[in-house]
Amino acid sequence: MVHGQKTMNHKGKTLTLHLMSIPKTYLPKEAEEKWYSYWLEHGFFKSVPDEREPYTIVIPPPNVTGVLHMGHMLNNTIQDVLIRRARMKGKNACWVPGTDHASIATEAKVVAMLKERGITKKDISRPEFMAYAWEWREKYGGIILEQLKKLGASCDWDRTRFTMEDDLSEAVFDTFIHLHKKGLIYRGIRMVNWDPVGKTGVSDEEVIRKEVNQKLYYIRYKVSSLQSQVLSQDSTSDSGLQTSDFLTIATTRPETIMADAAICINPNDARYFDLHGKKAIIPLINREIPIILDEYVSMDFGTGCLKVTPAHDLNDYELGLKHNLPIIDILNDDGTLNENAKILVGEDRFAARKKIVVLLETDGYLEKIEDYKSQIGFSERTDAVIEPKLSMQWFCKMDELAKPALDSVLKGDIKLIPEKYINTYRYWMENIRDWCISRQLWWGQQIPAWYLPDGQYVVAKTREDAFEQAKNLTSHISHLTSQDLVQEEDVLDTWFSSWLWPISVFDGFKDPNNDDINYYYPTNDLVP
């Protein structure tokens, strides 16, 4: 807006200066919307293969449920700086945006939405639930991408992808079938991280370790043979029994004593030589269990005696396998006690803990309680305390897949910045465990496995393909029809689609020799 004019003489010439008014305050909203719209309108971020050197970044897809937080802002700012720098250097810069379907988080959001409408998941069919989930995704799923636009992110928005769109789901199914044929995917009962709120297994990376204040409960187990001289002969419990009749263990989880399969002591611990070969009685339920020997037990923690609960602790599970102990699972999927517990059936695990402590104290089995700090795992998605749980799941063998990933870093083909993380990465890859890839959910890519009436299964993309395979397995069952096959209920871990992202966003599985995959892949930088 012209504020006024002023004339002046310069080297014999009369010049007229137009004076403009300047706003007292900068209005970023107006400026940002104006220029960002201009950039998009003129296709400044759009990229197609040409003769220039390509520079490619694929966005680590944020959860479709998400909104931007400071971590996202830092991560995407770094990506934007790198991509703009590449453009300024004359490279054909391509920054691919998109979102991850986030099975656990999205399903929780949909369940909450249905609850507000008076609908529970168990009362509707899977197709009905999926319709509601897509409805939720259409309404809320683009929020985080719109926020990125508000930040000025220079993504090629025409290339936006979503991990559950048809082509990317096809890539997931094809990869699952390929890895299963190679023997890298299998089904079996293993100890997993169980989320009692989401009612699904989760990966190690979805478990957040937090230090919390706990209690350490010292519990007396009666020794079957009364010849033991473990404790002082002089003291007596409230119930009238001599303390020499007892063996004391320290635990943070008294609610799991009903699942105990043994008491373990270190064979070198002189305090307990008299217990070798003896048995103990679990308090409250009076079940007899063996006292076993293993150097795994630390002699200087607690009392040096370990309750072994194979169904509810990973290390105990390994001890149980080594010593051929029974596995007694006392917890339902929602974290309540089941019939195997014998007492407090139906109680939530934490409510049961409080009640067990009272019962133990009343009957003279509780020696003392101490304050104790320790690390506990919480579900990243629901914030529920993770429960180690034996569960039938699908797994991907990682040793063979991890080796080339490690070799590429050690050879320098892939560079980690800063380099100090190479040792951390090496530790991860050399100590990797099989990946639990199944999730007990409906929102996600349903595992392409089909069960026969006799319990056998085949892996195929469609019911028709599965039926052809099934006929070869059960030629003696002449009446078998395709409708007799039941597809696996579980879906695949969201990361099973995310790990394919750098290839699938360029349709590299659908069309391995297309122009985009040949030009843009492999990508140049990843900001995780």
**Q.** Evaluation steps, salt bridge (Lys or Arg N to Asp or Glu O under 4.0 Å), between Asp195 and Arg439
**A.** CA-CA 10 Å; Asp195 180 338; Arg439 298 290 180 266; over 6 Å; no
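A salt bridge is absent between Arg287 and Asp260: the closest approach of a Lys/Arg side-chain nitrogen to an acidic carboxylate oxygen does not fall below 4.0 angstrom. For the pair Arg253 and Glu387, the salt-bridge criterion is met [side-chain N within less than 4.0 Å of a carboxylate O]. Residues Asp269 and Arg271 are paired through a salt bridge, judged by an N-O separation under 4.0 Å between the basic side chain and the carboxylate. The existence of a salt bridge linking Glu468 and Lys471 is confirmed by a sub-4.0 Å separation between a basic side-chain nitrogen and an acidic carboxylate oxygen. With salt bridges taken as basic N to acidic carboxylate O contacts below 4.0 Å, none links Asp313 and Lys307.
Looking at heavy atoms from C-beta onward, Thr309 lies out of side-chain contact with Thr251 at the 4.5 angstrom threshold. The closest side-chain heavy-atom distance from Lys199 to Asp334 is below 4.5 Å. Taking 4.5 Å as the limit, some side-chain heavy atom of Arg426 sits within range of a side-chain heavy atom of Leu406. Residues Tyr221 and Ile257 meet the side-chain proximity criterion, which asks for heavy atoms closer than 4.5 Å. Side chains of Phe246 and Glu367 form no contact here, defined as non-hydrogen atoms less than 4.5 Å apart. In this structure, the side chains of Val385 and Arg349 come closer than 4.5 Å at one or more pairs of heavy atoms. Glu255 has its side chain out of reach of Lys355: every pair of non-hydrogen atoms, C-beta onward, lies at least 4.5 Å apart. Side-chain contact between Pro283 and Asp363 is absent, with no heavy-atom pair separated by less than 4.5 Å.
Rounding to the nearest 0.5 Å places CG of Leu337 at 12.5 Å from NZ of Lys342.
Thr106 and Thr65 form no side-chain donor-acceptor contact under 3.5 Å, judged by distance and modelled atom types alone. Between the side chains of Trp495 and Glu206, no donor-acceptor pair is found at a separation under 3.5 Å. For the residue pair Asn266 and Glu295, no side-chain donor N or O sits within less than 3.5 Å of a side-chain acceptor on the partner. Asp329 and Asn340 are not linked by any side-chain donor-acceptor pair at a separation below 3.5 angstrom, with hydrogens and angles left out of the test. A donor and an acceptor atom, one from each side chain of Gln393 and Ser391, are located under 3.5 Å apart. At a cut-off of 3.5 Å, with distance as the only test, a side-chain donor of Thr336 or Asn332 sits close to an acceptor on the other residue.
Note that Arg137 lies in the cation-pi zone of Phe162, set by a 6.0 Å cut-off to the ring centre and a 45° limit from the axis. Trp136 does not carry Lys109 over the face of its six-membered ring by the limits of under 6.0 Å from the centre and within 45° of the normal.
Closest approach of Trp450 and Ala460 over heavy atoms only: NE1-O, 2.9 Å. Contact record, Pro60 with Pro528: CG-CA, 4.4 Å, taken as the closest heavy-atom pair. The two atoms that bring Phe395 and Gly188 nearest to each other are CE1-O, 3.5 Å, heavy atoms only.
Listed for the Ser125 side chain is a donor-acceptor partner under 3.5 Å among the backbone atoms of Glu128.
Few gaps surround CD on Glu288; more than 12 heavy atoms of other groups in view lie less than 6.0 Å from it. A 6.0 Å sphere centred on OH of Tyr140 holds no more than 12 heavy atoms belonging to other residues, nucleotides or ligands. By the neighbour-count criterion of 12 heavy atoms within 6.0 Å, atom CZ of Arg209 is densely surrounded, having more than that number from other residues, nucleotides or ligands.
For the side chain to side chain donor-acceptor pair (under 3.5 Å) with Glu489, the lone residue among Gln440, Gln446, Arg126 that qualifies is Arg126.
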